[in-house]
Structure formats: structure tokens, C-alpha cells
Amino acid sequence: MGKDTIADIITSIRNADMNKRGTVQIASTTITENIVKMLLREGFIENVRKHREGKKFFLVLTLRYRRNRKGSYKTDLNLKRISTPGLRIYSNYQKIPRILGGMGIVILSTSRGIMTDREARLERIGGEVLCYIW
């Protein structure tokens with residue numbers, strides 16, 4: 001784990017999704033809990049539970065898979081980190097990008113907390129673009 005916790009959780013989820021593992025364990029912080037709540041609410045993950053090992057807390061995520069007609073599993077989770085510690089990307093509410101014409105979500109860090117692009121447009125508030133999920 002490095003200094004960029006958001007990139008770490010995105011990479012952990014992406015790797016578990018590519019390897020078709022059903023669950024992934026990530027470190028629990030307030031930022032990661034808020035991002036995971038967004039993923040759960042938008043339907044990108046199936047279940048979340050908090051797990052404790054010693055003095056550390058972890059979030060255990062159950063990933064969602066779609067089944068094709070042939071019986072194979074298809075991953076439907078794509079994540080991309082946008083704003084990094086070396087290069088922060090900010091956007092006002094009018095210029096928040098739409099991912100796949102509104103099918104994906106953009107997670108923003110605003111002055112009122114972490115929210116999706118739809119919520120930010122409704123509240124007319126911009127912020128730092130954390131990641132794209134589609």
C-alpha cells in the first residue's frame with residue numbers, strides 16, 4: 001500500500017475483477033468507505049462487510065458478475081483513477097464529464113463530501129474528479 005489510498009483500492013478491485021475472484025479485501029478509511037458506499041448504491045458491487053484483524057479494520061467487498069448464455073462470467077467493472085496526488089483535476093458542475101452518456105459514474109470529492117456526478121449536478125457543486133467507473 002502506498003500513499004494514494006484511492007488508487008490502491010481501485011487497483012485491488014480491478015485486479016480481483018480481472019482474476020474473477022469473488023471477494024476483495026481493502027483497508028478501511030473514511031474515504032474508502034464513502035467510495036465503497038457509492039459503488040454499492042450504484043450497483044457495481046454486491047455486498048460489503050467490515051472485518052477486523054487485530055487493531056486494523058478491513059472492508060470485504062463481494063464483486064458482482066454477469067453470466068453469459070454460454071455459462072462464462074463476464075466482468076462489468078471498469079475503474080479509472082483521474083486525479084492523482086501529483087496532478088489534481090478539478091471541475092465545476094457544468095463541466096463534469098458524462099461517462100458512456102450517463103451509464104457510468106464519476107466520483108467527486110466536493111466541499112459537501114464525496115458524491116457522484118449526478119448528485120453534484122443536482123446540488124450545483126463542483127470538486128475534484130477522483131475516478132471514473134463504468
Side-chain angles (χ1 to χ4, degrees):
M1 291 273 186
K3 296 281 183 184
D4 191 7
T5 58
I6 298 170
D8 290 339
I9 66 163
I10 287 174
T11 303
S12 298
I13 294 171
R14 188 183 311 123
N15 289 341
D17 194 42
M18 284 191 302
N19 292 331
K20 295 181 177 59
R21 284 190 289 159
T23 61
V24 62
Q25 182 175 337
I26 59 173
S28 176
T29 62
T30 56
I31 293 173
T32 58
E33 285 180 11
N34 289 332
I35 291 174
V36 166
K37 284 178 188 175
M38 297 283 173
L39 291 173
L40 183 64
R41 188 174 64 211
E42 295 291 327
F44 289 106
I45 59 175
E46 199 170 305
N47 190 13
V48 179
R49 64 182 169 87
K50 206 167 192 175
H51 179 67
R52 181 178 176 174
E53 288 182 9
K55 294 182 180 179
K56 295 184 180 182
F57 286 96
F58 295 98
L59 295 174
V60 179
L61 311 176
T62 305
L63 301 178
R64 176 168 292 188
Y65 291 103
R66 288 190 314 206
R67 189 167 227 178
N68 290 345
R69 292 181 186 167
K70 298 177 183 177
S72 62
Y73 287 100
K74 181 179 180 185
T75 59
D76 59 349
L77 189 61
N78 294 314
L79 299 106
K80 184 177 181 184
R81 176 80 159 123
I82 301 303
S83 184
T84 62
L87 179 64
R88 304 287 185 186
I89 307 294
Y90 295 95
S91 177
N92 63 6
Y93 76 94
Q94 296 165 335
K95 295 185 180 179
I96 296 172
R98 293 185 190 271
I99 306 302
L100 294 177
M103 296 295 288
I105 62 170
V106 178
I107 294 182
L108 296 142
S109 176
T110 66
S111 59
R112 295 184 189 154
I114 295 177
M115 58 179 63
T116 63
D117 55 342
R118 289 181 218 114
E119 296 168 350
R121 283 190 199 99
L122 285 175
E123 294 190 22
R124 293 180 166 232
I125 188 168
E128 181 182 354
V129 180
L130 296 178
C131 60
Y132 296 160
I133 301 168
W134 70 96

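Just so you know, these numbers use all the heavy atoms, side chains as well, and skip hydrogens, waters and symmetry mates. Please read all numbers here as calculations on a predicted model, not as lab measurements.
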Got a sec, which residues hit side-chain contact (heavy atoms from CB on, under 4.5 Å) with [X], two or more places apart in sequence or on another chain?
X    : value
A16  : R21, V24, L63
I125 : T110, S111, R112, M115, A120, E123
N15  : T11, M18

How many angstroms lie between atom [atom1] of [X] and atom [atom2] of [Y], to the nearest 0.5 angstrom?
X    : Y    : atom1 : atom2 : answer
I6   : S83  : CD1   : OG    : 8.0 Å
C131 : I89  : SG    : CD1   : 13.5 Å
T32  : I10  : OG1   : CD1   : 11.5 Å
N47  : R64  : CG    : CZ    : 10.0 Å
I99  : Y132 : CD1   : OH    : 5.0 Å
Q25  : S12  : CD    : OG    : 10.0 Å

Pairs where residues 88-103 contributes a residue and the test salt bridge (charged side-chain N to carboxylate O under 4.0 Å, His left out) is met, not counting sequence neighbours
R88-E128
Determine which pairs satisfy salt bridge (charged side-chain N to carboxylate O under 4.0 Å, His left out) with at least one residue from residues 49-61, sequence neighbours left out, and list them in order.
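Checked against salt bridge (charged side-chain N to carboxylate O under 4.0 Å, His left out) - neighbours excluded - the pairs reaching residues 49-61 are E33-K50.
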Under a single-linkage definition using a 4.5 Å side-chain heavy-atom cutoff for Ile, Leu, Val, Met, Phe, Trp and Tyr, are F58 and I45 assigned to the same hydrophobic cluster?
no
Do I31 and L40 sit in the same hydrophobic cluster, where Ile, Leu, Val, Met, Phe, Trp and Tyr count as joined when their side-chain heavy atoms come under 4.5 Å apart?
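In one cluster with I31: L40, yes.
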Student check: side-chain heavy atoms of [X] and [Y] closer than 4.5 Å:
X    : Y    : answer
I26  : D8   : no
I133 : L77  : yes
R81  : L130 : yes
I13  : L39  : yes

Residue pair [X] / [Y]: nearest heavy atoms and the distance that separates them:
X    : Y    : answer
V129 : S91  : CG2-CB, 3.9 Å
D4   : P85  : OD2-CD, 3.4 Å
F44  : W134 : CE2-C, 4.1 Å

So, T116 side chain and M38 main chain: donor-acceptor pair closer than 3.5 Å or not?
no
Is there a donor-acceptor pair closer than 3.5 Å between any side-chain N or O of R14 and the backbone N or O of L79?
yes
Among residues at least two apart in sequence or on other chains, which ones pass side-chain hydrogen bond (donor to acceptor under 3.5 Å, both in side chains) with Y90?
none
